[in-house]
Amino acid sequence: MRALISVSDKTGIVELAKELTKLGVEIISTGGTYKKLTDEGVKAIEVSELTGFPECLDGRVKTLHPIVHAGLLAMRSNPSHMKQLEELGIQPIDMVIVNLYPFKATIMKDDVTRADAVENIDIGGPTMLRAAAKNYQDVAVIVDPRDYETVLKEIKEDGKVSLDTKFYLMQKVFMHTSNYDTMIADYLKAEREDYDLPETLTMTFEKVQDMRYGENPHQKAAFYREVGKKKGTLDMAEQLNGKELSFNNINDANGALELCKEYEEPTVVASKHGNPCGVGSAATIEEAWDKAYAADNVSIFGGIVAVNREVTAPMAKKMAEVFLEVIIAPSYEKEALDILCEKKNVRVLRLPDITALQRETALDLKKVNGGLIVQGIDNKLIGDELKVVTDRQPSEQEMEDMMFAWKMVKYVKSNGIALAKNKQSVGIGPGQVNRIWATKQSVEHAGELIGPDAAKGAVMASDAFFPFPDCVEAAHEAGITAIIQPGGAMRDQLSIDKCNEYDIAMVFTGMRHFRH
């Protein structure tokens with residue numbers, strides 16, 4: 001048997017080569033791998049000696065040679081193939097152990113240039129892997145050092161690698177090369193500011209962890225991360241306490257995190273089942289917590305909390321009195337962390353770059369049966385400008401509260417309504433099949449959770465336009481003084497007239513924010 005070894009990740013390669021040599025396997029190698037093996041006393045033949053052709057172009061061309069690829073691709077069961085090998089003086093290669101130039105490690109460097117990234121695109125390695133994998137019946141191809149032990153064990157026990165194992169290894173190769181090529185394509189795509197949705201879409205993700213289950217106990221689940229330099233994403237957070245994040249934790253926490261990024265002043269976002277349930281902004285983060293908690297001290301139980309400032313000890317004491325699933329913050333005072341970590345089940349996450357936004361070219365994906373619907377991310381807030389459409393102009397306080405509520409309703413499931421007062425959510429109506437129900441629900445929640453007059457003097461935000469003036473009627477009955485909505489309905493004037501009748505200020509944003 002003959003094995004061709006060329007690896008960037010040299011983990012365990014010397015030990016493997018020594019064991020193969022003991023089993024009578026002839027080793028062929030290249031470049032740095034050849035030097036590493038021979039320095040460690042492994043007898044090996046250099047590829048240039050095998051091919052009779054020197055490495056050239058700064059090592060860009062080493063294994064791209066018929067002697068190598070004919071040795072890999074010849075089918076042992078095909079007499080014509082074997083006769084041609086004999087006539088050409090080429091010997092078969094029975095094993096390929098290759099892993100590729102560290103493209104991922106290169107693009108993750110802070111100072112990487114496009115030239116550096118392109119130079120670290122492996123050409124010969126993927127070509128050998130694909131050739132060997134195509135001929136898996138005759139060639140064992142290993143791309144993952146974790147498979148070394150399995151292959152060695154089979155050779156020692158049976159004198160060969162089993163067909164089942166070769167097929168398993170072949171599958172890993174094509175997954176590996178597909179991932180590698182997609183990583184390159186994704187990197188180059190991100191370099192273009194004018195990138196549009198392509199005719200074909202290929203993406204690659206790396207598994208972060210397996211999960212106990214998905215949304216429900218009978219569903220399998222895992223968490224995968226995008227490859228590349230990122231900031232402010234959940235997969236970059238450091239977990240300081242608690243159990244592993246669950247499927248629902250991650251889904252809910254992502255929504256809370258993205259909403260929290262909309263606010264610049266100290267803000268706390270409490271979320272439950274993918275919807276905000278309490279949001280507060282204030283001069284200090286502790287005051288912001290007080291507002292978020294008071295907005296809905298029922299739904300926050302078992303919820304997710306995202307915080308855009310350091311968690312203080314006094315704030316941590318208050319948080320510890322509530323059962324929370326996940327807390328995400330950029331940092332924690334030592335005493336605050338000690339307090340929170342006394343609760344062994346709360347998942348405490350530190351994400352220093354918590355305010356970092358997604359890149360403009362990022363995509364939003366939703367899986368449907370048989371396909372994928374893809375869109376650009378909703379990274380805008382309003383259209384060209386805010387437009388006051390009523391006789392009464394909103395006050396400065398109303399305008400501040402409307403923008404606070406508008407950011408919030410962007411993350412409420414459609415049909416969505418959000419009520420706010422003094423930069424505190426006072427009522428949220430998420431995911432209703434018509435807008436009047438969402439409006440009534442938000443008012444009812446305000447009364448039930450905060451007090452009978454909670455909605456009085458508040459502002460209302462709607463994620464889409466009002467097709468009828470019924471929502472304005474409900475707002476007036478609740479004591480709401482100002483409304484912000486996209487506008488654009490055929491019957492806009494009916495709602496405007498109704499606002500004028502009740503002296504309610506109304507602002508159009510020129511942009512809707514459906515969230516399904």
Side-chain angles (χ1 to χ4, degrees), residues 275-276 279 378 380-422 424-516:
N275 280 298
V279 183
D378 185 5
K380 306 231 182 318
L381 197 59
I382 63 171
D384 293 334
E385 60 179 354
L386 294 173
K387 182 180 179 182
V388 179
V389 294
T390 49
D391 294 340
R392 184 171 79 78
Q393 296 283 317
S395 68
E396 183 177 344
Q397 180 64 54
E398 286 174 328
M399 185 60 78
E400 284 187 0
D401 280 341
M402 280 193 286
M403 290 310 300
F404 175 91
W406 184 244
K407 293 174 181 178
M408 182 167 55
V409 82
K410 180 180 173 182
Y411 293 87
V412 175
K413 296 293 177 64
S414 300
N415 288 313
I417 295 287
L419 309 183
K421 183 164 56 177
N422 298 323
Q424 176 190 27
S425 63
V426 295
I428 299 172
Q432 298 303 307
V433 292
N434 64 61
R435 201 154 298 280
I436 186 61
W437 287 2
T439 302
K440 290 179 177 179
Q441 185 185 63
S442 66
V443 172
E444 288 171 5
H445 283 185
E448 291 172 2
L449 297 167
I450 299 178
D453 294 327
K456 190 174 182 179
V459 304
M460 172 190 288
S462 171
D463 63 350
F465 58 63
F466 292 161
F468 306 104
D470 51 1
C471 292
V472 178
E473 290 276 8
H476 167 66
E477 290 172 11
I480 288 164
T481 62
I483 296 172
I484 186 168
Q485 56 128 321
M490 292 178 64
R491 299 182 179 89
D492 269 345
Q493 194 59 46
L494 295 177
S495 292
I496 294 170
D497 291 345
K498 191 61 68 174
C499 282
N500 285 332
E501 179 183 339
Y502 295 134
D503 199 32
I504 294 173
M506 181 179 279
V507 174
F508 284 0
T509 66
M511 180 174 287
R512 78 179 191 195
H513 291 292
F514 278 160
R515 185 176 178 85
H516 293 96

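These figures come from a predicted structure and were not determined experimentally.
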Of the non-hydrogen atoms in [X] and [Y], which two are nearest, and what is the gap between them?
X	Y	result
A489	F466	CB-O, 3.5 Å
F514	R435	CE2-NH2, 3.9 Å
S414	H516	CB-NE2, 4.0 Å

Under 4.5 Å between any side-chain heavy atoms of [X] and [Y], yes or no?
X	Y	value
P469	R491	no
D378	H513	yes
V507	W406	no
M403	L381	yes
M511	K380	yes
K410	R515	no
H445	L419	no
I417	M460	yes

Open item on the list: Whether the T390 and N500 side chains hold a donor-acceptor pair (N or O, under 3.5 Å, no angle test) is what I'd like checked.
Closed with: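 No - no donor-acceptor pair under 3.5 Å links their side chains.
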So which of [options] actually passes side-chain contact (heavy atoms from CB on, under 4.5 Å) with [X]?
X	options	result
V412	P276, S462, S442	P276
M402	I484, I483, L386	I484
P486	I382, D463, T509	T509

- [ ] State which residues pass salt bridge (Lys or Arg N to Asp or Glu O under 4.0 Å) with R392; sequence neighbours excluded, sorted by chain then number.
- [x]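 Residues passing salt bridge (Lys or Arg N to Asp or Glu O under 4.0 Å) with R392: E398, D503.
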Open item on the list: Suppose we screen for ring pair (Phe, Tyr, Trp, His ring centres under 6.0 Å). Which residues come up paired with Y502, at least two apart in sequence or across chains?
Closed with: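 Y502 satisfies ring pair (Phe, Tyr, Trp, His ring centres under 6.0 Å) with H476 once adjacent residues are dropped.
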- [ ] Look at the side chain of N434 and the backbone N and O of W437, then say whether any donor-acceptor pair between them is shorter than 3.5 Å.
- [x]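 Between the backbone of W437 and the side chain of N434 there is a qualifying donor-acceptor contact (under 3.5 Å).
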Open item on the list: Can a donor-acceptor pair be found, under 3.5 Å and without considering hydrogens, that links the side chain of K421 to the backbone of A454?
Closed with: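 The answer is yes, because a donor-acceptor pair under 3.5 Å joins these two groups.
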Open item on the list: For E400, give me all partners under side-chain contact (heavy atoms from CB on, under 4.5 Å), at least two apart in sequence or on another chain.
Closed with: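 Counting only residues at least two positions away or on another chain, E400 forms a side-chain contact (heavy atoms from CB on, under 4.5 Å) with E396, Q397, K423.
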